[in-house]
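Below: the structure, in structure tokens.
Counting from 1, the numbers follow the sequence of the chain as shown. FYI, side chains are in, hydrogens and waters are out, and symmetry mates aren't considered; it's all heavy atoms of this structure.
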Amino acid sequence: MYTLAVCAEMVYRDLPIEERARRIHEAGFQVEIWDWTRHDLDALAQTPAEFSSMTGYIRGTLTDPDGAAELLRTAEESIKAAEHLGCPRLNLHGTGLDGEGLPVVPVTGEATGEMWITAHRTLTRLAELGESAGVTFTLENLNTAVDHPGVPFARADDVFSLVAAVDRPGLASSSLSAARMARG
């Protein structure tokens, strides 16, 4: 049996987010949300919806120390929001995204060795935060060819390599997390 989720940001777009969550739940799916800071969490928590995943940070990046500090700080805020909704998975990307889905700090070319090391350190700390809070951070690769050019660690191999290098239960790739969730 598969547990499927529908992203409330992408369906019933003419309705308030709470109504979208309610309708997704009534259709038999779990609910995913993106930028939780734009939504009334109390209203969402009052719906019968089961939340599958949401964005795990507000700002920051995995690839530089200052951006990593901001990512970790805002991840703690996301954990509190996830606890409020009973959401077990918090989604990450290599960098923050603007309102158009473009990276706030774009990368040209391949990620450098220093970027990989910083990402590993940051993801290890995120995994520790997740384990302490009982949530899993999931690292997602984004499509750089179509709609997210310049996002670091955008290839599935990059994500799998980082997650394997961290090797902690508080961190998974979004693909592996989806496969595990589907198996029940």
Side-chain angles (χ1 to χ4, degrees), residues 7-9 17 32-39 41 44 51-85 87-144 146-178:
C7 180
E9 312 283 347
I17 196 76
E32 174 189 25
I33 59 172
W34 290 340
D35 184 358
W36 58 267
T37 65
R38 297 182 320 185
H39 305 307
L41 295 182
L44 283 170
F51 293 90
S52 64
S53 64
M54 57 187 268
T55 302
Y57 66 107
I58 302 166
R59 289 173 303 283
T61 180
L62 294 175
T63 58
D64 69 84
D66 290 338
E70 181 67 0
L71 189 143
L72 289 162
R73 188 187 69 68
T74 65
E76 290 178 1
E77 294 178 46
S78 292
I79 287 172
K80 290 176 187 169
E83 288 171 348
H84 190 58
L85 296 177
C87 184
R89 282 171 294 284
L90 296 167
N91 200 31
L92 306 165
H93 311 106
T95 186
L97 302 175
D98 67 14
E100 303 298 316
L102 298 173
V104 176
V105 182
V107 173
T108 55
E110 295 291 315
T112 66
E114 185 176 324
M115 294 167 88
W116 278 87
I117 291 168
T118 301
H120 180 272
R121 288 179 182 146
T122 306
L123 290 168
T124 299
R125 292 179 61 203
L126 281 166
E128 291 167 356
L129 282 173
E131 290 160 22
S132 293
V135 298
T136 302
F137 282 93
T138 59
L139 184 58
E140 177 182 11
N141 58 298
L142 296 174
N143 184 332
T144 57
V146 177
D147 50 6
H148 302 291
V151 172
F153 313 116
R155 297 179 332 178
D157 286 346
D158 295 342
V159 168
F160 290 139
S161 294
L162 280 166
V163 170
V166 172
D167 193 25
R168 300 282 305 248
L171 178 69
S173 78
S174 58
S175 298
L176 287 175
S177 180

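Using a cut-off of 4.0 Å between Lys/Arg side-chain N and Asp/Glu carboxylate O, Arg38 and Glu9 are scored as salt-bridged. With respect to Lys80 and Glu76, no salt bridge is recorded, no charged nitrogen being found less than 4.0 Å from a carboxylate O.
Leu162 contributes atom CG, which lies 7.5 Å from atom CG of Leu62 (distance to the nearest 0.5 angstrom). Note: Thr112 OG1 to Glu110 CD = 10.5 Å, rounded to the nearest 0.5 Å. With rounding to the nearest 0.5 Å, the separation of OG in Ser52 from CD in Glu32 is 5.5 Å. One distance of note links CD1 of Ile33 with SG of Cys87; it measures 6.5 Å at 0.5 Å rounding.
With a 4.5 Å cut-off on side-chain heavy atoms, Tyr57 and Leu72 do not count as touching. Side-chain atoms of Glu140 and Asn91, non-hydrogen and from C-beta on, do get closer than 4.5 Å to each other. A 4.5 Å side-chain heavy-atom check between Val135 and Pro88 finds every atom pair outside the cut-off. Within the 4.5 Å cutoff, side-chain heavy atoms of Leu44 are placed close to those of Leu85. Looking at Leu71 and Thr122, their side chains come closer than 4.5 Å, going by heavy atoms from C-beta outward. Within the 4.5 Å cutoff, side-chain heavy atoms of Ile58 are placed close to those of Trp36. Between His120 and Thr124 the shortest side-chain heavy-atom distance falls below 4.5 Å. Using a 4.5 Å cut-off on side-chain heavy atoms (C-beta onward), Leu129 and Ile79 make contact.
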Does Leu139 form a side chain to side chain contact (heavy atoms under 4.5 Å, CB included) with Leu92? I'd like the steps, not just the answer.
CA-CA 5 Å; Leu139 184 58; Leu92 306 165; 4.0 Å; yes
Full working for side chain to side chain contact (heavy atoms under 4.5 Å, CB included) between Leu171 and Leu126:
CA-CA 8 Å; Leu171 178 69; Leu126 281 166; 5.7 Å; no
With side chain to side chain contact (heavy atoms under 4.5 Å, CB included) as the test, would you mind laying out the steps for His93 and Phe153 before giving the verdict?
CA-CA 8 Å; His93 311 106; Phe153 313 116; over 6 Å; no
Test side chain to side chain contact (heavy atoms under 4.5 Å, CB included) on Arg73 and Arg59 and set out the steps.
CA-CA 9 Å; Arg73 188 187 69 68; Arg59 289 173 303 283; 2.9 Å; yes
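For the pair Gly56 and Ser78, the tightest heavy-atom approach, listed with the atom from each and the gap, is C-OG, 3.2 Å. Contact detail for Ala82 and Leu90: the closest heavy-atom pair is CB-CD2, 3.7 Å. Taking every heavy atom of both residues into account, Ala156 and Asn141 meet most closely at N-ND2, 3.6 Å. In terms of heavy-atom proximity, Pro152 sits nearest to Met115 at CB-CE, 4.4 Å. Looking at every heavy atom in both residues, Val166 comes nearest to Ala127 through CG1-CB, 4.2 Å. Val151 and Ala154 get closest at one heavy-atom pair: O-CB, 3.5 Å.
Side-chain N or O atoms of Thr63 include none that pairs as donor or acceptor with a backbone N or O of Trp116 at under 3.5 Å.
The number of heavy atoms from other shown groups lying within 6.0 Å of CD (Glu83) is above 12. Counted within 6.0 Å of CZ on Arg121, heavy atoms from surrounding residues, nucleotides or ligands total 12 or fewer; the atom is thus considered open. Counted within 6.0 Å of CZ on Arg168, heavy atoms from surrounding residues, nucleotides or ligands total more than 12; the atom is thus considered enclosed.
Donor-acceptor pairing under 3.5 Å is lacking for the side chains of Thr55 and Asp35.
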